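Since the structure comes first, as structure tokens, the remarks are kept for the end.
Hydrogens, waters and symmetry mates play no part in the numbers below; they use all other heavy atoms, side chains included. Quantities reported herein were computed from a predicted structural model and do not represent experimental measurements.
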Amino acid sequence: MPLVSIVVPVYKVEKYLERCVKSLLCQTLHDIEIILVDDGSPDRCPQICDEYASRDERIKVVHKRNGGLSSARNAGLLVATGSYIGFVDSDDDVSFGMYERMLTIIEKYDTDFVMSDYLRIADDKSISLKTTDIHQGLYTKQQIRKDIFPQLIMSECIDYGPLLSVCRCLYRHSFLKKYHIFFDEEVRWSEDNIFSSIVGYHCNSFYYMKGEGLYHYYHNQDSITTSYRKGAWQVYCTMNKHLHLFFDNVSDYDFSRQLKLHQIYYACNCIAMELGLSSEKAIEGIRTILNSNELQNAFSDFDLPQVSFKFKFFLFLMKKRCSKLIYWLKKYS
């Protein structure tokens, strides 16, 4: 049984797959299992996966019909046999010592998971360290409740919680099994939000390796995170609904304001995407978002957060469903 299983969803990444797999095969920790999940990729990725599996017995390949990133990660989780679980996106790579370093920390402190920072590699090859605004080190359950719960789903400044992004984490497999934590297959994008929030709620301890950019995220113009997504508002409303299904039923902490902030964040995100379309389509899309029951419920009994004046004014116009919002957006976008 391997110490670490690394799940790699594969879909239309023919240009990047070799770079990713090589970084895993060259890990200083040799006792790993690399699970390449071919999510019905229409290019040469299925053949590339099989070729790598024929060369190295540590590679396991799962071929499946296309079901999206959450489905692919779940398929990998179901066949993983390692004591610890990592996730890598197939258009990224990792430092050669990533999993040995993480394994040392998670075993030393006996935590449910460990989280590092990551390097963002831009199109011009410039590299920047992306970190999180929480302190380094061990977090006990008491510290998690005090420091993490108030921003677990969405922070007061309307930004992601500190535990987002599963690819920079290593999880104890028994912990995920104990709480039956999988990815939500009805949510096609930003699926990390639900997974990471539920992990953060259930975990008794974790360790944050602040300043260590072990994961390497490449800006990819073809990525779903950098392009317009038709139907995104419906997907994000589904995500928020599923977060409600879990967090509305916990009794030890009130996450209701964070859920409102979460819905408003994705309304802002989708409005920004709509502005990239023609004026007529943008106006139609923005009106759909502003008039939605989901957004109006989020603004119900809601005090605007302490953000910049410009952003606060934008939120005020959203809350009032002001017709001037579209023109204000076009002026300042």
Side-chain angles (χ1 to χ4, degrees), residues 113-118 120 128-169 184 187 189-203 205-211 213 215 217 225 232-233 235-237 239-248 250 252-273 289 294-295 297-316 318-319:
F113 73 97
V114 61
M115 177 177 74
S116 74
D117 284 334
Y118 69 96
R120 188 183 190 279
S128 56
L129 177 70
K130 296 300 180 180
T131 189
T132 301
D133 191 24
I134 59 174
H135 68 76
Q136 176 182 337
L138 177 66
Y139 284 77
T140 63
K141 189 66 176 183
Q142 182 180 5
Q143 290 169 312
I144 291 168
R145 288 185 57 84
K146 177 178 178 291
D147 298 333
I148 305 300
F149 273 22
Q151 53 182 329
L152 177 63
I153 302 168
M154 188 65 56
S155 71
E156 190 62 22
C157 63
I158 313 188
D159 202 357
Y160 290 126
L163 304 185
L164 186 73
S165 184
V166 300
C167 291
R168 58 188 179 126
C169 297
D184 191 327
V187 178
W189 310 303
S190 301
E191 63 294 317
D192 287 15
N193 290 33
I194 299 179
F195 187 95
S196 298
S197 296
I198 293 175
V199 163
Y201 176 77
H202 280 306
C203 75
S205 64
F206 75 92
Y207 192 98
Y208 176 33
M209 303 163 65
K210 193 178 184 73
Y215 189 84
Y217 167 77
T225 60
W233 178 239
V235 171
Y236 295 139
C237 286
M239 184 204 309
N240 196 259
K241 182 178 76 172
H242 289 192
L243 282 167
H244 270 286
L245 288 173
F246 181 85
F247 286 100
D248 284 352
V250 303
D252 57 339
Y253 195 87
D254 183 5
F255 291 97
S256 58
R257 180 169 173 82
Q258 290 184 54
L259 291 167
K260 289 175 179 285
L261 290 167
H262 183 268
Q263 187 78 67
I264 293 167
Y265 171 89
Y266 278 105
C268 296
N269 182 288
C270 290
I271 286 173
M273 282 195 288
I289 295 168
E294 291 85 357
L295 185 59
N297 288 337
F299 275 124
S300 176
D301 298 320
F302 179 79
D303 294 326
L304 295 179
Q306 296 303 311
V307 291
S308 69
F309 174 78
K310 183 177 176 181
F311 191 19
K312 199 165 189 174
F313 181 54
F314 168 62
L315 294 175
F316 173 78
M318 284 179 66
K319 184 175 183 180

Between F255 and Y253, is the gap from one ring center to the other below 6.0 Å? yes
Taking atom types as modelled, is there a side-chain donor on Y118 or T132 under 3.5 Å from an acceptor on the other? no
Under a 3.5 Å threshold, yes or no: a donor from one side chain and an acceptor from the other, between N193 and Y266? yes
Close side-chain approach of L295 and W233, heavy atoms under 4.5 Å: yes
Tell me whether Q151 contacts the main-chain N or O of D147 through its side chain, where contact means a donor paired with an acceptor under 3.5 Å. yes
Sidechain-backbone polar pair: R120 side chain, S128 backbone, donor-acceptor under 3.5 Å: no
With a 3.5 Å distance limit and no angle check, can you tell me whether Q258 reaches the backbone of I153 through a side-chain donor-acceptor pair? yes
Ignoring hydrogens, what is the shortest heavy-atom contact between Q143 and Y139? Give both atom names and the distance. OE1-CA, 3.4 Å
Verify the distance criterion only: is there a donor paired with an acceptor across the side chains of Y160 and D192 at less than 3.5 Å? no
Kindly check if the number of other-residue, nucleotide or ligand heavy atoms within 6.0 Å of CG (D252) is above 12? yes
Can you check whether T131's main-chain N or O pairs, donor with acceptor, with K210's side chain at less than 3.5 Å? no
K241 vs E294 side-chain heavy atoms within contact, under 4.5 Å: no
Taking the six-membered ring for Trp, are F246 and Y201 parallel (under 30°), tilted (30 to 60°) or perpendicular (over 60°)? perpendicular
Quick one: do D301 and K260 make a salt bridge, cutoff under 4.0 Å? no
Is there a donor-acceptor contact under 3.5 Å from the side chain of D117 to the main chain of G211? yes
Taking the side chain as C-beta and beyond, is there a heavy-atom pair between F206 and L138 under 4.5 Å? no
Where is the tightest heavy-atom contact between L261 and M154, given as atom of each residue plus distance? CB-CG, 3.7 Å
Any donor-acceptor pair under 3.5 Å linking the side chain of R257 with the backbone of D303? yes
So SG of C203 and CD1 of I148: to nearest 0.5 Å the spacing works out to 8.5 Å
Does the side chain of P162 reach to within under 4.5 Å of the side chain of I134, using non-hydrogen atoms? yes
Measure across S196 and S165 and return the closest heavy-atom pair with its distance rounded to 0.1 Å. OG-N, 3.9 Å
Of the non-hydrogen atoms in C270 and Y236, which two are nearest, and what is the gap between them? SG-CD1, 3.4 Å
More than 12 heavy atoms of other groups within 6.0 Å of K141 NZ: yes
Measure up the F302 and F299 rings against each other and bin them: parallel (under 30°), tilted (30 to 60°), perpendicular (over 60°). perpendicular
Provide the closest heavy-atom pair for G200 versus L152 in the form atom of the first, atom of the second, distance. CA-CD1, 3.9 Å
